[in-house]
Number of protein chains: 2
Amino acid sequence: MGNSTLMGSPTPNLGILLRLLHQQWTQAIDTALDEAGFVDIRPSHSNVLAFTPSSGIQVSELSKLSKTRKQSITQAVEELEKLGYVERRPDPRDKRGRLVFLTVRGQAVQPTAMAAGKRIQQNWESVAGKETIDGLTSTLQLILERLPRGE
Amino acid sequence: MGNSTLMGSPTPNLGILLRLLHQQWTQAIDTALDEAGFVDIRPSHSNVLAFTPSSGIQVSELSKLSKTRKQSITQAVEELEKLGYVERRPDPRDKRGRLVFLTVRGQAVQPTAMAAGKRIQQNWESVAGKETIDGLTSTLQLILERLPRGE
DNA sequence: CAGATATTGACAGGTACCTGTCCATTTGGT
DNA sequence: ACCAAATGGACAGGTACCTGTCAATATCTG
């Protein structure tokens, strides 16, 4: 009712589409980890879990790898530390820094988290085709590389 | 230094790429509106400005069109109302509802905001090619349509 | 037409990012 | 060796979304 203002195709706004897809991705990761039993891990924690090597890593480095600000990583690390997934120790090579390490528990989640991402991508591939998703990935990378402000 | 843990291609994570592109889009819209002199308008306001017709519209309908929750729209409308871009009047056909209308000032921004979106898309096209961006758009739509939870 | 159900829009509160600022420490130039 | 500049990480605070709940009104059903 009240459809007097018609619209054939409601102008699919690129901003909205990107927001929705990102939400889908994020929520899928969260759901997958919940189902794997890691109910206390939230999406932002992936920025730490996905990039922490067994040799330890600084918050600043995690920030660069995950492309988020240091503050976001700091908060995620604090939460993961409280939950027992990571621990921080002073960096012997830099007295300003602290190194983040996975605990035994963290070492158990990491593969699950990595697998979740892969599984979701495969799900998208099953829906749109592997080549399409590959094309999507490279398009996103291409724009980010070539766009100004990209660092 | 410390590059012992090498990585040729650092695994371009789809979630991160989507987040970064969405940030780019959002920030570009904000910058464009700033440059056009509308410094008090923020990205979330576009969800209202882009979809409000001269005949007025309910918050719930804006929520559906912009694919965000009612609460987000309500907040954006409140802010835009304080800034003098929209006004709310009771819906004569539904005593629960209120209709959102653009003020004269709001009618001035709307075309600028719409043009900003178009301009940014053209910028992306100039960087990746029009066909690539068209492909990106339809891929995003395709995934959203075919994915579960897409309502 | 009465009662169950759905919808509108508000209130409260949480999450994942962001910017700005600050201090300790390291690094780099002369 | 010094001092300037960069870097590591913390503190404070803001934005744009989210979920859950609720009262008032509307709509659907028997």
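As the structure is a prediction and not an experimental result, all values here were calculated from the model. Values below: all heavy atoms of this structure, side chains included; hydrogens, waters and symmetry mates excluded.
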Using a 3.5 Å cut-off and no angle test, enumerate the donor-acceptor pairs between side-chain atoms of residues 75-92 of chain A and protein atoms at least two apart in sequence or in another chain.
unit_1: A/Gln75; atom_1: NE2; unit_2: A/Glu79; atom_2: OE2; d: 3.2
unit_1: A/Glu79; atom_1: OE1; unit_2: A/Arg42; atom_2: NH2; d: 2.9
unit_1: A/Glu79; atom_1: OE1; unit_2: A/His45; atom_2: NE2; d: 2.7
unit_1: A/Glu81; atom_1: OE1; unit_2: A/Arg88; atom_2: NE; d: 3.3
unit_1: A/Glu81; atom_1: OE1; unit_2: A/Arg88; atom_2: NH2; d: 2.7
unit_1: A/Glu81; atom_1: OE2; unit_2: A/Arg88; atom_2: N; d: 3.3
unit_1: A/Tyr85; atom_1: OH; unit_2: A/Asp40; atom_2: OD1; d: 2.7
unit_1: A/Tyr85; atom_1: OH; unit_2: A/Asp40; atom_2: OD2; d: 3.4
unit_1: A/Tyr85; atom_1: OH; unit_2: A/Arg105; atom_2: NH2; d: 3.3
unit_1: A/Glu87; atom_1: OE2; unit_2: A/Arg89; atom_2: NH1; d: 2.6
unit_1: A/Asp91; atom_1: OD1; unit_2: A/Arg93; atom_2: N; d: 2.8
unit_1: A/Asp91; atom_1: OD2; unit_2: A/Gln58; atom_2: NE2; d: 3.0

Look at the side-chain N and O atoms of [X] and state whether any lies under 4.0 Å from the OP1 or OP2 oxygen of [N].
X	N	result
B/Ser44	D/dT15	no
B/Gln23	C/dC17	no
A/Ser60	D/dG9	yes

Please list, chain by chain and in numerical order, all residues satisfying side-chain hydrogen bond (donor to acceptor under 3.5 Å, both in side chains) with [X], sequence neighbours excluded.
X	value
B/Ser66	B/Thr68
B/Ser72	none
A/Ser63	none
B/Lys130	B/Asp134

Point to revise | End-to-end axis angle, where each axis spans five pairs of the helix from C/dC1-D/dG30 to C/dT30-D/dA1, to 10° | key: 40°
Review point. According to the ring-ring contact (aromatic ring centres under 6.0 Å, His included) rule, which pairs have a member within residues 120-143 of chain A, sequence neighbours left out?
Key: A/Trp25-A/Trp124
Nearest-Å distance for atom pair [atom1]/[atom2], residues [X] and [N]:
X	N	atom1	atom2	answer
A/Gln27	C/dA16	CD	C1'	15 Å
A/Arg19	C/dC17	CZ	C1'	15 Å
B/Glu61	C/dG9	CD	P	10 Å
B/Arg93	C/dT8	CZ	C1'	16 Å

Study note, to complete from the structure: Applying side chain to side chain contact (heavy atoms under 4.5 Å, CB included) to A/Ser126 and not counting sequence neighbours gives A/Asn123
Point to revise | Those residues that, when tested against A/Arg96, pass salt bridge (Lys or Arg N to Asp or Glu O under 4.0 Å) (two or more places apart) | key: A/Asp94
Exercise for review: Any pair with a residue in residues 56-71 of chain B that passes salt bridge (Lys or Arg N to Asp or Glu O under 4.0 Å), sequence neighbours left out, goes on the list, sorted by first then second residue, please.
Suggested key: none
Review point. Counting only non-hydrogen atoms, which of residues 94-101 of chain A are less than 4.0 Å from DNA chain C?
Key: A/Asp94, A/Lys95, A/Arg96
Point to revise | Proximity to DNA chain C (any heavy atom under 4.0 Å), residues of residues 67-86 of chain B only | key: B/Lys70, B/Gln71, B/Thr74
